[in-house]
Amino acid sequence: MKLTIDDVRSRFIKHFDGATGSVYASPGRINLIGEHTDYNGGFVFPGAVQQGMIAEIKPNGTRNIRAYSIDLKDYAEFSLDDPKGPSASHFRYLFGVAREMMKLGVPVEGFDTAFAGDVPLGAGMSSSAALESCYAYAINDLFGENKIDKMTLAKVGQATEHNYLGLNCGIMDQFASVHGKAGNLMRLDCRSGEFEYFPWNPKGYKLVLINSCVKHELAGSPYNDRRKSCENVVAAIAKRHPGVETLRDCDWDMLEEVRGEVSETDALRATYVLGEKDRVLAVCDALEKGDYETVGQKMYETHHGLSKEYEVSCEELDFLNDIAHDCGVTGSRIMGGGFGGCTINLVEDNLYKNFVETAKAKFKEKYGKEPIVIDVVIGDGARKLC
Ligand code: GLA
């Protein structure tokens with residue numbers, strides 16, 4: 001499905017008595033490599049996709065947000081000034097973003113809004129970051145004279161997850177949604193906030209997502225436990241090495257020093273993160289040389305680490321990864337937080353057709369339904385449409 005302005009505008013007009021407002025969009029994301037490295041101060045390699053969220057918004061002269069979710073056919077009205085906010089999570093994103101923008105001093109007023117998206121939910125493509133970034137961008141434009149810079153807008157989305165949804169996520173998803181640029185991946189140093197655009201045009205290869213349709217629900221999930229494990233290891237290392245703040249600052253020797261002091265599980269999680277740090281750097285080198293074989297090999301290694309060390313895979317994703325390997329696909333791995341969602345695959349053009357057909361057929365034979373194939377087109381970040 002390709003969502004258009006009209007899909008949203010027609011519903012907005014119907015719902016809010018013929019009025020029109022301003023329309024904004026913000027995308028979901030893919031990530032080439034660097035998974036669970038963002039909250040460990042490491043590097044990530046995301047890009048925005050063409051699928052995203054579109055919202056129409058019109059100030060209504062009250063202190064209330066009146067919001068209509070087109071996809072869920074759900075409506076709610078809630079006050080900007082009542083700290084409790086709405087209970088449904090799809091409205092809490094809007095509420096959280098508005099409140100976080102108020103904290104930054106933006107004079108947010110009440111508004112009417114309708115929104116819809118074409119990022120598959122629970123696929124690990126960051127539909128929630130798309131929603132947060134769309135409203136952060138819109139509120140900055142409508143009420144804040146665009147004074148808030150883009151990285152701060154991304155942090156508003158992240159703070160919304162932490163403070164209103166209970167998910168202690170990193171910055172990657174919101175960063176990618178706000179900063180995306182068509183045709184470019186971005187390498188972000190999550191410790192310093194510095195980033196670079198990397199034109200993405202791998203001649204002879206495609207990126208394709210295979211959505212297992214196993215719904216991943218990160219909020220209230222073991223995601224926060226993974227983050228806690230990393231922090232436990234850092235706390236043990238910091239006792240001997242003051243100044244160490246995240247796993248970014250740690251090396252293999254430091255992990256060995258504390259192996260007896262942390263739980264086996266925590267040590268295993270840290271093993272994954274240290275390995276992933278090395279892999280991201282290897283991929284950066286390989287990309288500069290146009291060496292996609294190495295990029296792909298590192299993607300398989302990441303999958304192995306996410307499955308066996310970080311333990312955020314599931315049977316269906318491991319199965320899709322095996323199929324990719326058997327079909328000669330250059331690289332394949334779980335994308336995003338894990339626990340379901342998609343694999344991301346780097347596949348040579350001439351193997352593409354056989355791979356997607358085999359993946360669909362074998363998956364259906366085993367699980368009774370076909371996975372969804374999503375060709376990756378790298379799109380633009382948050383913007384005003386009209
Ligand atoms: C989720 C989080 C991100 C990041 C990824 C894993 O998408 O929102 O911050 O941690 O998982 O790389």
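Please read all numbers here as calculations on a predicted model, not as lab measurements. Order of appearance sets the numbers: ligands from 1, and atoms from 1 within every ligand. Position 1 is the first residue of the sequence, and the numbers go up from there. Note that these values count all heavy atoms, side chains included, but never hydrogens, waters or copies made by symmetry.
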### Task
Run the ring-centre check on Tyr205 versus Tyr352 and record whether the distance is less than 6.0 Å.
no

### Query
Taking everything shown except Glu256 itself, do over 12 heavy atoms lie less than 6.0 Å from its CD?
yes

### Task
Please indicate whether Lys362 has more than 12 foreign heavy atoms, meaning atoms of other residues, nucleotides or ligands, lying under 6.0 Å from its NZ.
no

### Query
Would you say the side-chain atoms of Asn40 and Thr246 include a donor-acceptor pair closer than 3.5 Å?
no

### Message
Check Glu261 with Arg240, please: is the shortest side-chain N to carboxylate O separation under 4.0 Å?
### Response
yes

### Task
Heavy-atom cut-off of under 4.0 Å around ligand 1: list whichever protein residues fall inside it, by chain and number.
Arg29, Glu35, His36, Asp38, Tyr39, Cys169, Gly170, Met172, Asp173, Leu218, Tyr223, Gly336, Gly337

### Message
Using the salt bridge (charged side-chain N to carboxylate O under 4.0 Å, His left out) criterion, which residues pair with Lys103? Sequence neighbours excluded.
### Response
Glu100

